[in-house]
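Some notes on the structure that comes next.
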Amino acid sequence: MSFRRDYLSKPIFSWARGVLPTMSDTEREALEAGDVWWDADLFTGNPDWSKLLAFAPAKLTDEETAFLHGPVDELCTMLDEWKINWEWRDLPPEVWAFIKAKKFFGMIIPREFGGLGFSPYAHSEVVRKISSRSLTAAVTVMVPNSLGPGELLMRFGTKEQQDKWLPRLAAGQDIPCFGLTSPEAGSDAASMIDTGIICKGNFEGREVIGLKLNWHKRYITLGPVATLLGLAFKAYDPDHLVGNQEELGITVALIPTHLPGVSIGHRHLPAMQVFQNGPNWGKDVFIPLDYIIGGQERLGQGWKMLMTALAAGRGISLPSLSAAGAAYAARTTGAYARIREQFGISIAKFEGIEEPLARIAGTAYLLDAARRLTCAALNEGHHPAVISGIMKLHATERMRIAIDDAMDIHGGKAVIDGPQNYLGGLYRSVPVGITVEGANILTRNLIVFGQGAIRAHPYLLQEMNALSETDRDKGLTAFDTAFWKHVGHSFATMFRAWGRSWSFGLFAPAPDAGDATEFYRQLSRYSSAFALCADMALLTLGGALKRKEMLSARFGDILSELYLLSAALKRWQDEGRQKEDLPALEWCMASGFKTIENRLAEILANLPNRPVAWLLKFLVQPFGARVTGPSDRVVHLCAQLVLSPSAPRDRLTPDLAFVEDDGGIARLEKAFRLVTAAEDAAKQLRAARLHDWKEGVKKGVITQDDGEKLAAAHEAVAKVIEVDDFAPEALSPIYKKSADVHQFFQELGEQRAAS
């Protein structure tokens with residue numbers, strides 16, 4: 001008998017069991033999906049930096065590198081996003097054939113099944129590169145390699161299912177899609193009304209026990225062209241053909257789309273993007289039980305299966321696309337700002353341009369750092385559910401900011417659509433990434449901290465499992481052990497946070513990281529403050545914290561910043577602490593620290609238990625939120641990273657798909673090279689107060705060669721700043737030729753005058 005357990009822990013245990021909020025099956029299964037990784041270290045309040053720095057960075061194999069610079073580059077040369085979106089409304093047949101032939105749909109499928117067997121990092125790199133050329137092609141490639149039949153079959157399928165379907169998927173014989181979202185149930189999958197009733201029926205000439213399915217799904221990418229549909233539905237067994245339970249829960253099954261009763265083929269038009277996406281329906285579609293992914297024993301386990309697969313997929317596809325978007329914005333906007341002149345000088349010299357340009361460059365650095373770190377974890381077999389949520393949320397949100405900034409700097413150049421507009425399509429696509437795989441509002445307010453607090457906390461999940469244990473005595477013993485460890489952890493965290501906050505992190509642990517050492521100290525300081533405040537919020541609010549969504553969102557923002565900034569530090573270390581790249585790292589740190597301090601202040605101002613809030617303010621933020629963001633010096637230096645051809649610019653925007661044609665990007669890159677090469681000659685002309693290069697040559701200010709460079713640069717810039725225009729008949733079938741337009745409006749004016 002333990003005195004502590006029976007006289008101290010027991011009353012707390014009884015009280016906690018009474019107030020513990022009920023947890024739905026879908027919530028529990030979401031919590032149990034995936035695993036934790038660096039997020040658990042951050043939740044301790046005392047992250048082990050040596051562990052992070054020792055973690056092997058993600059790298060490509062020789063085969064993966066060859067694919068990236070072979071078939072991927074070849075695919076990019078076949079893509080014309082203007083024609084895809086505005087003329088064809090689809091990828092052309094030869095592109096579909098190439099994607100299938102080169103096994104782009106089978107990147108994650110193991111070689112034993114005919115796939116390429118690539119790592120998560122290779123998958124990410126492929127999606128990233130294609131995204132910089134065509135979003136339609138990128139989405140087409142990434143969906144079969146993310147959440148879908150292939151991923152689920154690899155993880156949960158029976159041997160027979162894997163042998164039958166994976167080779168067909170790898171070879172492109174079947175095009176997959178996955179149907180989860182219903183009109184009645186988007187992020188709230190538990191509310192879906194799609195059903196599968198277990199019954200007897202005929203399938204391929206034999207009577208078997210199977211499922212009669214009825215469903216309506218929408219927003220399904222690749223749905224209109226899919227031949228194999230992965231379907232989520234609720235299974236029921238009213239006649240108890242497979243057991244005693246009637247409601248079996250969410251289940252996932254394979255549905256060949258040629259089966260009777262399947263209606264598929266209609267298309268949505270998501271934000272004017274033309275990747276294949278659409279609704280589908282099923283009316284009394286019968287399948288045998290062995291079409292359930294994983295077989296009959298997986299009845300009712302669909303939600304957990306989906307959450308496990310999603311934990312990896314959300315960390316790869318959308319972050320890759322977003323990182324590509326930010327890097328693309330940095331490269332194009334830096335070049336455009338350098339070559340575009342207003343009031344006789346390059347707009348890059350205006351501080352009003354430098355601020356958003358630095359934000360784009362810093363965001364590109366941060367997102368790619370986080371993408372690489374997350375892929376490294378996935379490469380090692382981790383499936384970090386919380387980190388995947390962070391990545392999907394913040395990658396897409398920060399891409400939105402970067403693209404908005406790029407549009408502002410480009411002005412009318414990016415507003416007028418046409419073949420020469422290299423930003424408009426990306427701008428229109430941003431809401432799609434933010435909406436899919438769970439709306440960002442939901443992810444921020446409910447998932448990142450709501451799931452992270454339970455999964456990544458050192459003791460909370462142990463305590464919750466003990467409290468829900470049906471064997472009360474066993475539960476009490478487990479609770480006693482976890483609870484008092486939690487108490488000790490909380491006191492250690494309190495003194496740690498107090499000391500680090502009052503000393504401004506002076507004595508917080510940090511590795512010897514050169515110029516970045518102080519950043520580690522500050523992250524250690526903020527991690528301890530976060531851990532303490534999170535513990536106190538959980539203690540004072542308990543299950544009610546789940547309903548305090550704004551508080552939960554602020555805690556989630558801090559956890560997200562801690563992870564993203566850790567990734568930035570890891571990138572700087574892995575790339576050899578490049579001194580030239582330090583401004584990008586400094587921008588990321590200052591911006592992130594500002595967010596952390598502001599969110600802490602907001603939490604302390606809104607925590608319902610005011611005495612606890614006052615105590616926490618005294619301990620972790622006695623002087624208020626003091627970080628104001630990047631200094632003007634850092635902003636200036638960060639902006640400079642993308643304004644000249646240089647190694648830092650190439651490291652910031654590596655391996656994007658810039659095809660050497662006469663398109664907008666090729667024109668921009670050419671003008672950028674010519675303008676920077678002629679910069680010295682341009683300065684000499686300005687110093688001599690001359691505007692005509694020929695006059696400069698005549699007066700000996702510049703050489704003939706320099707003059708010709710200036711002329712070539714001027715001509716190239718003129719081509720870049722051109723925008724497209726169209727004959728009326730090219731935009732509207734109303735007009736057959738231009739003369740019809742004038743005649744139409746002339747007659748209209750005469751009619752109005754007569755009336």
Exercise for the section: For this output row, return yes or no: ring centroids of Phe13 and Phe483 closer than 6.0 angstrom. Expected result: no
Exercise for the section: Indicate, with yes or no, if the rings of Trp502 and Phe618 have centres closer together than 6.0 Å. Expected result: yes
Problem - Check ion pair Glu575-Lys570 (N to O, under 4.0 angstrom) - result: no
Handout entry: Lys/Arg-Asp/Glu bridge criterion (N-O < 4.0 Å) met for Arg4, Asp480
Key = yes
Using 30° and 60° as the class boundaries, would you call the ring planes of [X] and [Y] parallel, tilted or perpendicular?
X: Trp49; Y: Tyr520; answer: perpendicular
X: Phe55; Y: His382; answer: tilted
X: His457; Y: His486; answer: tilted

Practice task
Answer yes or no: are there more than 12 heavy-atom neighbours, outside Glu355 itself, under 6.0 Å from its atom CD?
Solution key: no
Practice task
Measure the spacing between CG of Asp404 and CE of Met399 and express it to the nearest 0.5 Å.
Solution key: 10.0 Å
Exercise for the section: Flag this pair as yes if the NZ/CZ of Arg599 is under 6.0 angstrom from the six-membered ring centre of Phe555 and inside a 45 degree cone about the axis; otherwise no. Expected result: no
Exercise for the section: Spell out, as yes or no, whether a donor-acceptor pair under 3.5 Å connects the side chain of Arg554 to the backbone of Leu600. Expected result: no
Problem - Under 3.5 Å donor-acceptor, Ser644 side chain and Gln640 backbone - result: no
Fill in the blank from the handout: From the list Phe530, Trp37, Trp38, ring pair (Phe, Tyr, Trp, His ring centres under 6.0 Å) partner of Phe43 resolves to Phe530
Exercise for the section: Would you please say whether a donor-acceptor pair under 3.5 Å links the side chains of Arg525 and Ser501? Expected result: no
Handout entry: Single hit among Glu561, Glu597, Arg500 for side chain to side chain donor-acceptor pair (under 3.5 Å) with Tyr526
Key = Glu597
